[in-house]
Amino acid sequence: MLKPWLQGLAFMLTATSLQAAPIDLIIDTDPGADDVVALFLALASPEELNVRAITTVAGNVRLDKTSRNARLAREWAGREDIPVYAGAGRPLVRAPVYAAEVHGEEGLAGVQVHEPKAPLAAGNAVQYLVDTLAAAKPHSITVAMLGPQTNLALALIQRPEIAKGIKEVVVMGGAHFNGGNITPAAEFNLYADPHAAQVVLASGVQLTYLPLDVTHKLLTSDARLQQLAAVNTQASKRVVDILNVYIKHDMALYGMPGGPVHDASVIAYLLKPELFSGRRIHLSIDSREGPTFGQTVADWYGVLKQPANVLWVEQGDAQGLFDLLSARLARLQ
C-alpha cells in the first residue's frame, strides 16, 4: 500500500494528466472574418484542443468561399495536417442568405485571398460527422459551431444515434437581451438555418450557446488592436487587418466603441471557460415565417417552467479574451 504522501502525489499527477488531456474537437464553420480569428485561436492551442477536422458550411458567404477561407486559415496557421471537409451548400428548408455586406464578397475583407496549396479532404463534411461520431466513444467529441448548424443537423437526421458520441456542442448564435443582428429578433447564424438549429436542439446533445448577449460585450478597442499588432507575427498582422475592416459595420450600426469578434468567443470558452458565465435555461427556436423567424426564445427567468436544455452564456471578460488571443497569436508565424 502506498504511503499517504505517495498517494497524494499519485492523485496530483493523475489530476494533472486529466486536466492536460486535450479536448477532441471538430470545428464547423463558415469563414467569415471572425471565423478565421477563431480558427487561428484554436489551431495555435494544440495542448488544449485536438482539432480533428474543420467542416465548412455555406453562411457568411457561399460554400466554395467558406471552404477556401478555412483552408487559407489552416495554411496561414501552418496546420495543413488538419483536414478540411466541405459540407452543406444551402440550408435545410429556407432560401440561402449570406452576409457579404459584413464580411466582404470574398468573406475576408482586409486581406488578400488566394487558392490555398492544400486541397479539401476527400468526401463530404456531413458523412465525416456521421462516420466520426458513430465510431467515437460515448460523449467524447466536442463540436464548435461557428456558423449555421446545417451540417450537424443533416448528420443527426441521417443517424440520430450519433448524438451519443458528442460531449458538447458549443454554438455561436442566438440573441435575447441584445436583439438580433440581421433582423430585430434574429442573429445571423440562427436566421440562416433555424430548422437545422431545431434539429440539433431536439437531439438532446449537451448545448452551450454564446449569443450576441455576450459577444457584444467582448469588443475591440484601439488599445486592444494595438495589443494584437504588437505581437508582430504574420498571423497577428492578418487578424488586425481583418478586424480593422470587419468591425466598422457593427460600430456604425450599433454606435458601439468597438466591434465584436463573435466566433472567437467559442474557442475562448473552450480554452478558458472561467472567462465566461451564464445559466442553464430552456431555449426554443422560432422557424415560423414572419418578423420573428430565426429568433432564439431564451427563457432566462424560467417563466415557462420548462426543463433547461442549454447553457446560455451571458457575461464574458473582454480583456481576458484579447489577452488570450494575443498570447496564442504569438505562437503562430
Side-chain angles (χ1 to χ4, degrees), residues 24-32 34-36 38-39 42 51-71 73-74 82-99 107 120-136 141-174 187-210 262-263 266-267 270 285 287 294:
D24 271 342
L25 182 66
I26 296 169
I27 302 175
D28 194 87
T29 182
D30 63 336
D34 54 329
D35 305 72
V36 168
L39 287 170
V51 181
R52 300 272 297 264
I54 299 167
T55 54
T56 62
V57 65
N60 286 322
V61 285
R62 298 192 319 261
L63 180 66
D64 60 328
K65 295 183 178 182
T66 64
S67 299
R68 179 204 60 205
N69 293 346
R71 290 184 294 132
R74 174 184 67 173
I82 296 172
V84 177
Y85 293 89
R90 58 161 296 128
L92 293 185
V93 177
R94 66 154 302 150
V97 59
Y98 306 110
L120 286 165
N124 178 271
V126 175
Q127 194 60 49
Y128 169 79
L129 288 168
V130 169
D131 294 343
T132 302
L133 295 172
I141 295 181
T142 298
V143 183
M145 304 290 298
L146 308 184
Q149 299 175 46
T150 318
N151 286 334
L152 184 55
L154 286 168
L156 288 164
I157 290 167
Q158 185 175 329
R159 292 275 299 276
E161 66 271 20
I162 66 173
K164 294 177 182 177
I166 297 175
K167 177 182 179 182
E168 182 181 18
V169 178
V170 185
V171 175
M172 191 281 119
E187 179 274 330
F188 176 81
N189 287 340
L190 273 291
Y191 183 79
D193 200 343
H195 304 92
Q198 287 176 325
V199 170
V200 176
L201 185 64
S203 72
V205 298
Q206 181 169 315
L207 272 164
T208 296
Y209 265 69
L210 286 99
H262 304 287
D263 292 335
V266 167
I267 306 302
L270 291 171
I285 299 160
S287 61

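- What you find for Ala58 and Pro148 is that their closest heavy atoms are O-CG, 3.6 Å.
- Contact detail for Val266 and Ala144: the closest heavy-atom pair is CG1-CB, 3.9 Å.
- Looking at every heavy atom in both residues, Ile141 comes nearest to Ala136 through CD1-CB, 3.7 Å.
- Annotation: Arg94, atom CZ; neighbour count of heavy atoms from other residues, nucleotides and ligands within 6.0 Å is above 12.
- Scanning both residues, Ala70 and Ile54, for their nearest heavy atoms gives CB-CG2, 4.1 Å.
- Put simply, the side chain of Asp30 gets close to the backbone of Asn60: a donor and an acceptor are under 3.5 Å apart.
- Here the side chains of Leu92 and Val199 are in contact, with some heavy-atom distance below 4.5 Å.
- A pairwise comparison of heavy atoms in Ile285 and Gln198 identifies O-NE2, 2.8 Å as the closest pair.
- Proximity of Asp193 to Gln149: side-chain heavy atoms (C-beta onward) are nowhere separated by under 4.5 Å.
- With no hydrogens or angles considered, a side-chain donor-acceptor pair links Thr55 and Asp28 at under 3.5 Å.
- If you check the side chains of Asp35 and Asn69, you find no donor sitting under 3.5 Å from an acceptor.
- In plain terms, the two heavy atoms of Leu39 and Ala73 that are nearest each other are CD1-CB, 3.8 Å.
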